[in-house]
Amino acid sequence: MLKSLRKLLGAAERTPQASLPEGARAYAVGDIHGRSDLFKALSRAIEADDAARGAANSCVVLLGDLIDRGPDSAGVIRLAREWQSRRKLHILMGNHEEMLLDSLESEEVLRHFLRYGGKETLLSYPVDPVAYTRAELGEVMAMMHAAIPDQDLAFIRTFEDSLTLGDYLFVHAGIDPDHPVDGQRRSDLRWIREPFLSHAASFGPIVVHGHTISQAAELRPNRIGIDTGAWRSGRLTALGLEGTARWLIEAIETDGSIAIAQRSIR
């Protein structure tokens, strides 16, 4: 009798493992921030891993902040467009993409955009760096309109706010724990840190996010953060999901060469 009671109580206390629907497989990629070299290597590693695991309804989710800070945002946008033409690829709008779009119309936003990595984005397009350094803010805005192709801007405007797959919610920054999942403000999805990061209770789904840099993937019971600061660390991280299984694939630059590392996680 006592043994049966303990068994029932133990079963009640165990939390069911988060999972994807049967037959589904997903890969989430953290903040790329202009590192086209790491992105190219990681995308190839993801495709190889996907093929090795066999047939599935697979998709890739880029968690936003494709641009800024790193040296080749234009190249990242080009690679993302090409990849989306060949496979199911969801791309989320990050706060840096939001700033880029808003800075096309607002000099005040443009000032902040340039300060936080937008300069590198602009110079990855055909902009004369000497002319840039001499330009007034209004002239820089004109350079942006002239240099960034309309098709790139149209592509960025298609980026999504969030994506739900099985027991996982994919967002750029996080969610506000004081609001229901289906009632989140767009600004929080793209910008929030606290109280999201320190929230210990369940959000309902497991939240997979970027935006906040950690030295390695941050694995919490209620969230998984995979922004490993690619633009400065040389480490771009992807999370693989299938059923209840989870694994990491990383493109890591060391002394100018890029290697792929992979491991299973709980």
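Start at 1 with the first residue, then count along the sequence.
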> F170: what forms a ring-ring contact (aromatic ring centres under 6.0 Å, His included) with it, not counting sequence neighbours?
Replying inline: none
> Checking side-chain hydrogen bond (donor to acceptor under 3.5 Å, both in side chains) for the pair T212/R193: CA distance, chi angles, key distance, verdict?
Replying inline: CA-CA 7 Å; T212 298; R193 286 199 169 92; 3.0 Å; yes
> Do the rings of H112 and Y116 sit parallel, tilted or perpendicular, given the 30° and 60° boundaries?
Replying inline: parallel
> Residues in side-chain hydrogen bond (donor to acceptor under 3.5 Å, both in side chains) with N222, at least two apart?
Replying inline: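 For N222 there are no side-chain hydrogen bond (donor to acceptor under 3.5 Å, both in side chains) partners, ignoring immediate neighbours.
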> Who pairs with S233 by side-chain hydrogen bond (donor to acceptor under 3.5 Å, both in side chains), at least two apart in sequence or on another chain?
Replying inline: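 Listed in chain order: nothing, the list is empty.
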[Y] six-ring face occupied by [X] cation (under 6.0 Å, within 45°):
X	Y	value
R223	F203	no
R69	W231	yes
R53	W247	yes

> Which heavy-atom pair separates P71 from S124 by the least distance, and what is that distance?
Replying inline: O-CB, 3.7 Å
>> Would you say that more than 12 heavy atoms from the other residues, nucleotides or ligands in this model lie under 6.0 Å from the CZ of R263, or not?
In response: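 For R263, atom CZ is not crowded (no more than 12 foreign heavy atoms under 6.0 Å).
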> Would the number of heavy atoms belonging to other residues, nucleotides or ligands and lying under 6.0 Å from CD of Q215 be above 12?
Replying inline: no
> Under 4.0 Å between a Lys/Arg side-chain N and an Asp/Glu carboxylate O for R25 and D50?
Replying inline: yes
>> Quiz question: by atom type and distance under 3.5 Å, do the side chains of R246 and Y168 form a donor-acceptor pair?
In response: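 Present: a donor and an acceptor within the cut-off.
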